[in-house]
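Single-structure report; data block below.
Lettering of chains follows the sequences in order, A, B, ..., and the numbering in each one begins at 1. Note that this is a predicted model, so its numbers are computed, not measured.
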Protein chains: 2
Amino acid sequence: MTQELFARYSFLLDRTARKVKQYAQQQFKTGEFDVTVDQWLVLKNLAENELLSQTELANLVFKDNPTLTRIIDLLCKKSYVERIPHPQDRRSFQLHLTEAGLTKVNELRPKILEIREKAWENLTASDFEEFKRILNTIYKNLDGQAIE
Amino acid sequence: MTQELFARYSFLLDRTARKVKQYAQQQFKTGEFDVTVDQWLVLKNLAENELLSQTELANLVFKDNPTLTRIIDLLCKKSYVERIPHPQDRRSFQLHLTEAGLTKVNELRPKILEIREKAWENLTASDFEEFKRILNTIYKNLDGQAIE
DNA sequence: TACCAATAGTTAGTGTGACAAATATATGCA
DNA sequence: TGCATATATTTGTCACACTAACTATTGGTA
């Protein structure tokens, strides 16, 4: 394989990732979901893990701290999330899904799964395994941190 | 495959695409390349195609027009690119790589190929074919436009 | 106790992405 | 010719990614 092709694959990867996010965001919009795709990812993880700190959550969703701060800001403004001061550590917050936030997650979850499905038409289960393996290999190749 | 897994794949795709771009951007920075990853993509395409209009270039690199306008603005500010009024169509520009721009492309091209290569360690040629096929299938599944 | 390094989170700055709306020009057709 | 429509580009707004710098706090240690 020539080196030129490597660049080509980076391009396809970026292009496809953007298309997936854009498509989902469009569906979010027409469905009036009132959150963005990334905000949804954060909400979903909060529903599955109570009382996370921002740093813990950032590690879960693989976003950096500044990005997460702003997403949490927006979710607080929409009253889906609350920052509760950590009882022992005054630097830290425990993130808490509000009643409205929980309702939102339960309302959106099935709709979003439908949206996701669209991307994977015409692909088989073994395609998914291959795809996952390749994506994770690339990720590990570039990630300085230890990966289990 | 359960629906939950679909969401998981979207997540992996997004995470990996971001890592690839971030890694490349880091290398660009330590190498003092003086351009961003996206600016490089634009420069490279300009080197390979003289006298494109902005819309033509936008279609080539799969960015929308406003995004491209801003990238071109930055490249003009760095004197790598010039907007030349189109002789027949006063709405349009012909994009022209300056001497400095051409020099930059030739200087960076080999370095960038090395960077790209890092991502693809531990993967075989047939992995690439699979990867390309899957990425393109996903893209087409979601793209409203006609795809050849 | 007093320092010091590490940690949690925020702020600021730049670049990119998506989308809508605005502007200017071009083109087709009555 | 004259108007409606289409096209090329720009502008504005919001969201996200990444870096660097900053505040506040914690915990270890001399």
Side-chain angles (χ1 to χ4, degrees), chain A residues 14-30 33-42 51-59 61-78 83-95 142 144, chain B residues 14-30 33-42 51-59 61-78 81 83-95 142-144:
Chain A
D14 182 59
R15 184 181 84 152
T16 303
R18 271 190 287 126
K19 177 62 82 175
V20 168
K21 183 174 273 189
Q22 184 203 359
Y23 176 82
Q25 190 60 61
Q26 241 169 32
Q27 301 304 112
F28 275 39
K29 183 171 185 179
T30 63
F33 288 5
D34 186 40
V35 290
T36 66
V37 171
D38 297 281
Q39 287 164 22
W40 162 254
L41 178 65
V42 167
L51 297 184
L52 292 173
S53 75
Q54 293 192 190
T55 298
E56 287 166 339
L57 181 55
N59 290 335
V61 298
F62 286 84
K63 294 185 182 298
D64 52 34
N65 260 320
T67 299
L68 193 63
T69 289
R70 289 192 175 101
I71 292 178
I72 297 293
D73 284 348
L74 292 172
L75 291 174
C76 285
K77 208 174 295 176
K78 293 177 182 172
R83 285 187 173 95
I84 300 179
H86 189 288
Q88 274 85 47
D89 188 340
R90 277 182 299 169
R91 294 170 303 180
S92 182
F93 296 105
Q94 292 178 330
L95 297 173
L142 300 183
Chain B
D14 182 60
R15 182 180 86 151
T16 303
R18 270 190 287 127
K19 177 62 84 176
V20 168
K21 184 174 273 190
Q22 184 203 356
Y23 176 81
Q25 191 59 61
Q26 238 168 35
Q27 302 303 112
F28 274 39
K29 183 168 187 179
T30 62
F33 287 5
D34 185 39
V35 290
T36 67
V37 171
D38 296 281
Q39 288 164 21
W40 162 253
L41 177 65
V42 168
L51 297 184
L52 291 173
S53 75
Q54 291 190 192
T55 298
E56 286 166 341
L57 181 54
N59 291 333
V61 298
F62 286 83
K63 295 184 182 298
D64 63 11
N65 263 318
T67 299
L68 192 65
T69 289
R70 286 169 182 126
I71 292 177
I72 296 292
D73 283 348
L74 293 172
L75 291 175
C76 285
K77 208 174 292 177
K78 292 177 183 174
V81 174
R83 285 186 173 97
I84 300 178
H86 189 289
Q88 274 84 47
D89 188 339
R90 278 182 298 171
R91 294 170 304 178
S92 180
F93 295 105
Q94 293 179 329
L95 297 173
L142 301 183
D143 193 40

Every protein N/O within reach of nucleotides 6-9 of chain C N/O, cut-off under 3.5 Å:
| unit_1 | atom_1 | unit_2 | atom_2 | d |
| --- | --- | --- | --- | --- |
| C/dT7 | O2 | A/Arg91 | NH1 | 2.6 |
| C/dA8 | O3' | A/Ser92 | OG | 3.4 |
| C/dG9 | OP1 | A/Gln54 | N | 3.2 |
| C/dG9 | OP1 | A/Ser92 | OG | 3.3 |
| C/dG9 | OP1 | A/Phe93 | N | 3.2 |
| C/dG9 | OP2 | A/Gln54 | N | 3.4 |
| C/dG9 | OP2 | A/Thr55 | N | 2.7 |
| C/dG9 | OP2 | A/Thr55 | OG1 | 2.6 |

Could you state the [atom1]-[atom2] distance from [X] to [N], rounded to the nearest angstrom?
X	N	atom1	atom2	result
A/Lys77	D/dC14	NZ	C1'	11 Å
A/Asp73	D/dA15	CG	C1'	13 Å
B/Ile72	D/dA8	CD1	P	15 Å
B/Leu52	D/dT9	CG	C1'	15 Å
B/Gln27	D/dT19	CD	C1'	15 Å
A/Phe28	D/dC16	CZ	C1'	15 Å

Checklist line | Pairs involving residues 16-30 of chain B, ordered by first then second residue, that meet salt bridge (Lys or Arg N to Asp or Glu O under 4.0 Å) (sequence neighbours left out) | finding: A/Asp14-B/Lys21, A/Asp143-B/Lys19, B/Asp14-B/Arg18, B/Lys21-B/Asp38
Residues two or more places apart in sequence or in another chain: which of them pass side-chain contact (heavy atoms from CB on, under 4.5 Å) with [X]?
X	value
A/Glu56	A/Leu52, A/Ser53
B/Arg90	none
B/Gln25	B/Phe28, B/Thr36, B/Val37

Notebook entry, point to check: Taking five pairs at each end, how big is the angle between the two axes of the helix from C/dT1-D/dA30 to C/dA30-D/dT1, to 10°?
Noted result: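 Terminal axis comparison yields 10°.
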Note to self: Output one letter per nucleotide in nucleotides 14-20 of chain C: B when a protein non-hydrogen atom lies under 4.0 Å from the base, S when only the sugar-phosphate is that close, - when neither is.
What the structure shows: -SSBBBB
Check: So, for A/Arg83 and A/Leu95, which heavy atoms are closest and what is the spacing to 0.1 Å?
Finding: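 Looking at all heavy atoms of both residues, the shortest contact is CG-CD2, 4.0 Å.
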Any residue meeting salt bridge (charged side-chain N to carboxylate O under 4.0 Å, His left out) with [X], in chain and number order, not counting sequence neighbours:
X	result
B/Asp64	none
B/Arg91	B/Asp89
B/Arg70	none
B/Asp34	none

Margin query: Among residues at least two apart in sequence or on other chains, which ones pass side-chain hydrogen bond (donor to acceptor under 3.5 Å, both in side chains) with B/Thr55?
Written below: none
Next item on the list: Decide side-chain contact (heavy atoms from CB on, under 4.5 Å) for B/Leu57 and B/Ile72; before the verdict, give the C-alpha distance in whole Å, the side-chain angles of both, and the deciding distance to 0.1 Å.
Entry: CA-CA 10 Å; B/Leu57 181 54; B/Ile72 296 292; 4.1 Å; yes
